[in-house]
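One structure is given here, and the rest of the page talks about it.
Below, each value reflects all heavy atoms present in this structure, side chains not excepted, and no hydrogens, waters or symmetry copies. We name chains A, B, ... by the order of the sequence lines, and we start the count at 1 in each one.
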Amino acid sequence: MRTRYAPSPTGFPHIGNYRTALFEWLAARHSSGQFVLRVEDTDRKRLVPGSMEAIMEGLRWLGLAWDEGPDVGGPYGPYLQSERLALYKEHADKLIAQGDAYRCYCTEERLAALRAEQEAHKQPTGYDRLCRGLTPNERAEREAAGLSSVVRFAAPLEGATTYHDFLRGDITFDNRTIDDMILLKSDGFPTYNFANIVDDHLMDITHVIRGEEYISSAPRYAQVYRAFGWEEPVVVHVPLVLAPDRSKLSKRHGALPLLEYRELGYLPEAIANFLLLLGWAYDDKTEFFTLDEMIAVFDDRRIGTAPGIFDRARLDWFNAHYIRRLSPDELVDRAWPFLLRGLPEDARANLDRDYAKRVLMLDQERIKTLADAPALAEFFFVDQPEYDASLLLGKGMDAARTAEALAALIPTLADLPTWEPEALLAALDAFVVARGFIRTKADGSEVPDRGPVFMLVRVAVSGRKETPGLPEMLAVLGKERTLKRLEAARHKRAASQVGTEVER
RNA sequence: GGCGCAUUCGUCUAGCGGCCCAGGACGCCGCCCUCUCAAGGCGGAGAUCACGGGUUCGAAUCCCGUAUGCGCUACCA
């Protein structure tokens, strides 16, 4: 099996395009075939500089390696359509010679007027085949006059064309609804439609997997294949990916170019997994697949036929899942650029990789995207966290008691012989009991109530009310830093006049 | 306007004639665990299988029609 991804470098493809690429890649890998990257740069007006590199970068990032392509070459090259112009001309000439194509001299103005006319009369739009009936003399005149022309396919006028859609079965179009499509533009470049057919054949592509938007064009392609006498490839139309409001995916709806998701802290394995399961399912329960697992189980017959909606919340869930199962080293490696970018300057200056690793491990289970990491972990890295003094009130304690509790706790912790989570927990618990914090459980029994003291220390040390577990956090923070922050909190509390009770 | 494709909980889906008065997952809600937030565990709400006709002893599953959505209708891809 040979499949191909054939993007045109006219922009930065979104997630839906890459899902098609994923399916193409999986189909090839599953069958131990080849996956070809062919760049369809035939529209010179819409060419976007850099987009070809971005497209390839996106594929690489997802882990979809191609066997043949513009950069790596291959036996069917070149893989840039702009370098294959002679091939298209040669094949167009062949069709002209055998009467299946003709030169059309109609101007774009005439075509536009024709279309406007048809629309005004609510008629089906389409080329009226004016030039198809030109006599040899008339053609010679036009050529002599130097009129520019395009090459059009002479489509069958009557009957119907049926092609086999791998997922949907036979699809039939009345030939009267199909006009004579342009094969070669006046600038000598082929249209996508034509270059596609010629290249898929010349490159021995066995399975054409493409977006659903080409269903309507498929019968035209079939006609051309048949005019050439070529065997038609298996044609698989993958359903579209829609925005949450069911409209076509666009930036407005948060469907960004793939590489933007990298910047937002998404993992390629999460994106690939998410994409796989948008329009495809292995069974009714399996959710997670590595690329290798996908290859092993991928079955193109299970590709769905209904459009799917891009659900960011689901992507987030996949991403969080994959972040959670990263090893500590992978976690720092991947989060590192985000820390460098997102942390305040002073914290960034002397970032220690080992310390960062321990911090990230604490936050691993609450990081949704890598871009969350700096905000979640910032307090570990700054000299002193900023926070409002009003946060610094033990539950059910007034300012005086809070300050006093902090004052009492500092020497307790300072005297600890070891600074490990177990020892810290024991010390904190002892402090809770000594201070008489008691909670009555539902069954009436009384147990030590860690809440007030733990929260107080949590805020003092982090400036936040949501953090990793306290003993673990203090252990990573280190004795010196912890005591310094507790001291600062004590002063902060003492200095603050507002000391009313806070309800939590 | 014409042509085409699609249609199962808000979303992704399982289902390919009886196992389904429809199962799983995301999201949402509640409970548990618990030093907070997460994670995890348990539970819940949520789909007259778009609608209407058939076929059949029996239909989410097959057929026809309708509606709706989307796509194509470019010297774009």
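An OP1 or OP2 oxygen of B:G69 is reached within less than 4.0 angstrom by no side-chain nitrogen or oxygen of A:Ser247. The side chain of A:Arg314 places no N or O atom within less than 4.0 Å of a non-bridging phosphate oxygen (OP1 or OP2) of B:C26. Under 4.0 angstrom from either OP1 or OP2 of B:A77 there lies at least one side-chain N or O belonging to A:Thr42. At B:C75, none of the side-chain N or O atoms of A:Lys45 fall inside 4.0 Å of OP1 or OP2 (strictly under the cut-off). Contact check, A:Lys185 against B:A77: a side-chain N or O comes under 4.0 Å of OP1 or OP2.
Looking at heavy-atom distances under 4.0 Å, A:Pro468 makes contact with a base. Here A:Ser8 lies in heavy-atom contact (under 4.0 Å) with sugar-phosphate atoms only. Heavy atoms of A:Arg246 sit under 4.0 angstrom from primed sugar atoms or phosphate atoms, though from no base atom. Residue contacts for A:Gly304: at a heavy-atom cut-off of 4.0 Å it reaches no nucleic acid atom on any strand shown. A:Leu278 comes within 4.0 angstrom of the backbone, heavy atoms only, and of no base. Here A:Tyr214 lies in heavy-atom contact (under 4.0 Å) with a base. Residue A:Arg464 is classed as having no contact, given no heavy-atom separation below 4.0 Å to the nucleic acid. At the heavy-atom level, A:Leu428 lies nowhere under 4.0 Å from the strands shown. At the heavy-atom level, A:Pro7 lies nowhere under 4.0 Å from the strands shown. Counting non-hydrogen atoms under 4.0 angstrom, A:Glu108 reaches a base of the nucleic acid.
Taking all atoms of both residues into account, the shortest heavy-atom contact from A:Ala54 to A:Tyr18 is O-OH, 3.8 Å. In terms of heavy atoms, A:Ser51 sits closest to A:Thr10 at OG-N, 3.8 Å.
The backbone N or O of A:Leu184 lies less than 3.5 Å from no partner atom in the side chain of A:Tyr88, so there is not a single donor-acceptor pair.
Taking atom CZ of residue A:Arg176 and atom C1' of nucleotide B:C72, one finds them 19 Å apart after rounding to whole Å. A:His321 places its NE2 atom 9 Å from the P atom of B:G40, with the value rounded to the nearest Å. Rounding to whole angstrom units, CH2 of residue A:Trp317 and P of B:U13 are separated by 14 Å. Counting to the nearest Å, the C1' atom of B:G4 and the CG atom of A:Asp179 are 15 Å from each other. To the nearest angstrom, P of B:C72 lies 16 Å from CG of A:Asp165. In this structure, NZ of A:Lys285 is placed 18 Å from P of B:A22, rounded to the nearest angstrom.
Taking the six-membered ring for Trp and thresholds of 30 and 60 degrees, A:His321 and A:Trp317 have ring planes inclined between 30 and 60 degrees apart. Aromatic ring pairs are classed by plane angle as parallel below 30°, tilted from 30° to 60° and perpendicular above 60°; the pair A:Tyr192 and A:Tyr214 is parallel. Using a 30° and 60° split on the angle between ring planes, A:Phe23 and A:Phe298 fall in the tilted class, from 30° to 60°.
Residue A:Ser216 places no side-chain atom within donor-acceptor reach of the base of B:C3, judged by atom type and a 3.5 Å distance cut-off alone. Counting atom types as modelled, A:Thr177 pairs no side-chain N or O with a base atom of B:G2 as donor and acceptor under 3.5 Å. Under 3.5 Å, the side chain of A:Arg458 and the base of B:C35 form at least one donor-acceptor pair of N or O atoms.
A residue-by-residue look at A:Gly308 and A:Lys368 shows that A:Gly308 has its nearest nucleotide of RNA chain B further toward the 5' end. Position along RNA chain B of the nearest nucleotide to A:Arg302 versus A:Thr305 favours A:Thr305 as the more 5'-ward residue.
A distance of about 15 Å separates the C1' atoms of B:G30 and B:G46, rounded to the whole Å.
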